[in-house]
Trainee: 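Let me begin by handing over the structure; questions about it come next.
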Amino acid sequence: MTIMHAVRKDLRNIAIVAHVDHGKTTLVDTMLRQSGAFGDHQAVIERVLDSNDLEREKGITILAKNTAVRHSGIKINIIDTPGHADFGGEVERGLTMVDGILLLVDASEGPLPQTRFVLRKALALNLPVILVINKVDRPDARIAEVVDEVYELFIDVGASEHQIEFPIVYCNARAGRSWLSVGEISDGGDLEPLFATILDAIPAPTYEVDHPFQALVTNLDASPYVGRLALCRIRHGSVKKGQQVAWCRKDGTIEQVKITEMYVAENLERVPADDAGPGDIIAIAGIPEITIGETIADLVDPRPLPVTHVDEPSLSMTLGVNTSPVAGREGRKLTARMIKDRLDAELVGNVSIAVLTTERPDTWEVQGRGELQLAVLVEMMRREGFELTVGKPQVLTRSIDGKIHEPVERMSIDVPEEFVGVVTQLVAMRKGRLEQMVNHGTGWARMDYLIPARGLIGFRTEFLTETRGTGILHHIFDRYEPWFGDLRTRPSGSLVADRKGQATGYAIINIQERGVLFIGPTTEVYEGMIVGENARSEDMDVNITKPKQLTNHRASSADSYERLFPHQQLSLEQALEFIRDDECVEVTPASVRLRKVVLDQTQRGRSRKSGARAAQASVET
């Protein structure tokens, strides 16, 4: 039987992928502007697709989003994907909805670890690539070298001869200009060359003429009016609003459901649609329990599609109820049931995390791609009113051929030349292996490492301190390698409060010489709470609530010259990087506190001694 194929010539589906901060969302902004998506007097904020509060604060894209523009009578669906490695699951799902990608590369920084990751995924799906060299207006742009580096990257990830023959567009996304050759780059122009290249190089969706309706759910959203929305790309056939369809579930069962509402993307809005055909990206309502990876199919002839595979998590942390003495004062959602319900809700829309039970009924193990992904989940929960206790991030190991293997990350570091020595020493302590070092002749050096993932826990803060905040660091999971052995990571201990009360300026003046404090005067503390970082390697219990004894003697004028050093306010990510195995982070809507897992000072002392005795016994045997 001959299968008839047809083409939707009025449609293109593309994803914009790149490393973090290479200008994806900014390019979407200007594409929307130049396609007439905004009114003449409409006020438009920058990075309009970064609609989440966290995305705006951090300046990164966390969730993949789709929009649509029209050019020359053709509709272009655009998926804007995250650039950070921790949100790779969003990228992988986005790639299953499109027929080609725009690969954005910074004209100065060149391809970085996440560029390699998204390119490898796109080539595995046999998607055509358009290379966009962005930020060509940078004074340190090195366009020719970056293009050569991209060609090397294609060869390195095993691209075929056909895949290496990609078109190149040179772009200044912020100004909304593009050119097809380096010689054309000027102060004038628009995005017309980019639009023309998209229409020419990205294939239109193809489908089988007689194939029954079939669509794969790749993302979820919610509407206050119609409930859960399933976002899917129609592979074959067509569908109408109000139609009865087959819901093919993950467990193999098939259920009859009705599509109550259907929407398609037009510019920045979802508009109601009565029908949709092959290649369209639609949002449908009416199936409240549908999840990512399931198929919507024809009722008479349902044909389930294979479930999208997402890379497995490489990092985990424990997350449970807040058990500190000040629990319940700042949050509204405190119980184990509320936390479990929230984690279950997160699992529905985020396929790249996993939630496992632990020995304790009020604590769960959450597995994800990296520290940032897990920290974003905790940050979202605290903003919703939750109080939590979060444990130290741990790497997930595997047993391969009877040997323990651990995840290894590919890390790229850009630093001024004078810091090369100190960075080399820092990474060597964490068992990093230098793969390549390049000096661009601009006073900066790039160093590429393979380093165990656990060596990166707590590394970023130390790296920024040693490079005076000038260093740039990116990393992404690469592969599993045999266990590297013990690492010497954090060399300092903790300053731990030994009693409950309010911190006093008098006590802080005496303690601040011992290390860096995390709290200021009048802060309420409790026994076992970490109030600072000790300059020495061991922990130190301190009385930070000690008041100044008042006498009937006149105060010496020298007292007025005692100086309080500013304390260091740790963010949630910094707190997770700082803690050791016997420490955890207490997270509430108003505060981030560090504490010992065992609060009682006497019990901690006993466990330390028993641990030391056990270690000595193992050495002797």
Trainee: Tell me whether Thr260 contacts the main-chain N or O of Ala285 through its side chain, where contact means a donor paired with an acceptor under 3.5 Å.
Mentor: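 Confirmed, Thr260 side chain pairs with Ala285 backbone.
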
Trainee: Is it true that a side-chain atom of Gln574 and a backbone atom of Ser571 form a donor plus acceptor pair closer than 3.5 Å?
Mentor: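 Yes; at least one donor-acceptor contact below 3.5 Å.
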
Trainee: Please answer whether the main-chain N or O of Leu356 pairs with a side-chain N or O of Glu365 as donor and acceptor at a distance below 3.5 Å.
Mentor: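 Such a contact is absent between Glu365 side chain and Leu356 backbone.
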
Trainee: Quick check for you: to the nearest 0.5 Å, what is the distance between Leu103 atom CG and Phe154 atom CZ?
Mentor: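 It comes to 6.0 Å.
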
Trainee: Is a salt bridge present between Asp280 and Arg8, judged by a nitrogen-to-oxygen distance below 4.0 Å?
Mentor: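 A salt bridge links Asp280 with Arg8.
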
Trainee: If you define the side chain from C-beta out and look only at heavy atoms, does anything of Met381 sit under 4.5 Å from Glu346?
Mentor: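 No, side chains not in contact.
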
Trainee: Do Ile290 and Trp247 make a side-chain contact, defined as non-hydrogen atoms from C-beta onward lying under 4.5 Å apart?
Mentor: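 Yes, side chains in contact.
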
Trainee: Side-chain donor-acceptor pair under 3.5 Å between Ser591 and Glu586, yes or no?
Mentor: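 Note: Ser591 and Glu586 side chains miss the donor-acceptor criterion.
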
Trainee: Please assess Ile101 against Ile14 for the test side chain to side chain contact (heavy atoms under 4.5 Å, CB included), listing each intermediate value before the final yes or no.
Mentor: CA-CA 5 Å; Ile101 66 168; Ile14 63 167; over 6 Å; no

Trainee: Tell me the closest heavy-atom pair linking Ile353 and Gly368, and the distance in Å.
Mentor: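 Taking every non-hydrogen atom into account, CG2-CA, 4.3 Å.
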
Trainee: Considering all heavy atoms of both residues, which atom of Pro128 and which atom of Pro203 are nearest to each other, and what is their separation?
Mentor: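 The answer is CG-CD, 3.5 Å.
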
Trainee: Kindly give the heavy-atom pair with the smallest separation between Pro278 and Leu11, and that separation in Å.
Mentor: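 Closest approach of Pro278 to Leu11, heavy atoms only: O-CD2, 4.2 Å.
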
Trainee: With side chain to side chain contact (heavy atoms under 4.5 Å, CB included) as the criterion, how do Leu315 and Gln394 come out once you've worked through the C-alpha distance, each side chain's angles and the decisive distance to 0.1 Å?
Mentor: CA-CA 6 Å; Leu315 206 69; Gln394 306 281 352; over 6 Å; no

Trainee: Does the side chain of Val245 come within less than 4.5 Å of Asp298's, by heavy atoms?
Mentor: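 SC-SC contact between Asp298 and Val245 ruled out.
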
Trainee: Can you list the steps and then say if Leu319 with Val378 is a side chain to side chain contact (heavy atoms under 4.5 Å, CB included)?
Mentor: CA-CA 9 Å; Leu319 194 150; Val378 174; 3.8 Å; yes

Trainee: When you compare the side chain of Ile296 with that of Ile287, does any pair of heavy atoms fall below 4.5 Å?
Mentor: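 Sidechains of Ile296 and Ile287: in contact.
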
Trainee: Hey, are the side chains of Val169 and Ile130 touching, using non-hydrogen atoms and a 4.5 Å cut-off?
Mentor: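 Side chain of Val169 against side chain of Ile130, heavy atoms only: contact under 4.5 Å found.
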
Trainee: Kindly determine whether Glu409 and Arg454 satisfy salt bridge (charged side-chain N to carboxylate O under 4.0 Å, His left out), including the steps that lead there.
Mentor: CA-CA 9 Å; Glu409 305 260 326; Arg454 62 196 165 100; over 6 Å; no

Trainee: Drop me the distance from Leu334's CG to Phe386's CZ, to the nearest 0.5 angstrom.
Mentor: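 One gets 9.5 Å once the value is rounded to the nearest 0.5 Å.
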
Trainee: Could you grab the distance from atom OG of Ser412 to atom CD of Glu109, nearest 0.5 Å is fine?
Mentor: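 The distance works out to 10.0 Å.
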
Trainee: Rounded to the nearest 0.5 Å, what separation is found between the CD atom of Glu481 and the CZ atom of Arg398?
Mentor: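 Rounded to the nearest 0.5 Å, the CD-CZ separation comes out at 13.5 Å.
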
Trainee: Main chain of Lys240, side chain of Gln243: is a donor-acceptor contact present, judged purely on distance under 3.5 Å?
Mentor: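 Present.
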
Trainee: So, are Glu406 and Arg479 salt-bridged, with charged N and O less than 4.0 Å apart?
Mentor: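 Looking at Arg479 together with Glu406, the answer is no, because their closest N to O distance does not fall below 4.0 Å.
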
Trainee: What's the shortest heavy-atom distance between Gly391 and Met317, and which atoms?
Mentor: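 The answer is O-CB, 3.8 Å.
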
Trainee: Backbone N or O of Asn322 within a donor-acceptor pair of the Glu387 side chain at under 3.5 Å?
Mentor: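 Side chain of Glu387 to backbone of Asn322, a donor-acceptor pair under 3.5 Å: no, none is there.
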
Trainee: Please step through side chain to side chain contact (heavy atoms under 4.5 Å, CB included) for the pair Val390 and Val366, ending with a clear verdict.
Mentor: CA-CA 10 Å; Val390 184; Val366 182; over 6 Å; no

Trainee: From Asp478 CG over to Ile451 CD1, what is the distance, rounded to the nearest 0.5 angstrom?
Mentor: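 Separation between the atoms: 12.5 Å.
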
Trainee: So, does His236 use its side chain to make a donor-acceptor pair with the main chain of Phe213 at under 3.5 Å?
Mentor: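 Answer holds: no.
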
Trainee: Salt bridge check, Arg342 against Glu384: does any charged N sit closer than 4.0 Å to a carboxylate O?
Mentor: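 So Glu384 pairs with Arg342 through a salt bridge.
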
Trainee: Mind checking whether Ile281 and Val264 have side chains closer than 4.5 Å, heavy atoms only?
Mentor: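 No, their side chains stay 4.5 Å or more apart.
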
Trainee: Is there a side-chain contact between Ile78 and Val28 in this structure, where contact means two heavy atoms from C-beta onward sitting under 4.5 Å apart?
Mentor: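 Contact flag for Ile78/Val28 side chains = yes.
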
Trainee: Are the side chains of Leu102 and Leu131 in contact, using a 4.5 Å heavy-atom criterion?
Mentor: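 They are not in side-chain contact.
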
Trainee: Of all heavy-atom pairs between Ile234 and Ala215, which one has the smallest distance, and what is that distance?
Mentor: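 Where Ile234 meets Ala215 most closely, the heavy atoms are CA-CB, 4.0 Å.
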
Trainee: For residues Gln367 and Ser316, is any side-chain donor paired with an opposing acceptor at under 3.5 Å?
Mentor: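 There is no such pair (donor and acceptor under 3.5 Å, judged by atom type) between the side chains of Gln367 and Ser316.
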
Trainee: Quick check against the 3.5 Å criterion: does Arg235 have a side-chain atom that pairs as donor or acceptor with the backbone of Gln214?
Mentor: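 Judged by distance alone, no pair lies under 3.5 Å.
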
Trainee: Quick one: does Thr363's side chain have a donor or acceptor within less than 3.5 Å of a partner on Arg360's backbone?
Mentor: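 No, Thr363 side chain to Arg360 backbone: no donor-acceptor pair under 3.5 Å.
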
Trainee: Quick check for you: to the nearest 0.5 Å, what is the distance between Cys248 atom SG and Leu216 atom CG?
Mentor: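 Cys248 atom SG to Leu216 atom CG measures 10.5 Å (nearest 0.5 Å).
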
Trainee: Between Asn13 and Gly279, is there a donor-acceptor pair closer than 3.5 Å when you use the side chain of the first and the backbone of the second?
Mentor: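 Yes; at least one donor-acceptor contact below 3.5 Å.
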
Trainee: Give a yes or no answer on whether the side chain of Gln34 reaches the backbone of Met31 with a donor-acceptor pair at less than 3.5 Å.
Mentor: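 Not a single qualifying donor-acceptor pair exists.
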
Trainee: Any idea which heavy atoms bring Ile254 and Ala246 closest together, and the distance?
Mentor: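 Closest pair (atom of Ile254, atom of Ala246, distance): CG2-CB, 3.8 Å.
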
Trainee: Looking at Arg233 and Asp99, does any basic side-chain N land under 4.0 Å from a carboxylate oxygen?
Mentor: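 Looking at Asp99 together with Arg233, the answer is yes, because their closest N to O distance falls below 4.0 Å.
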
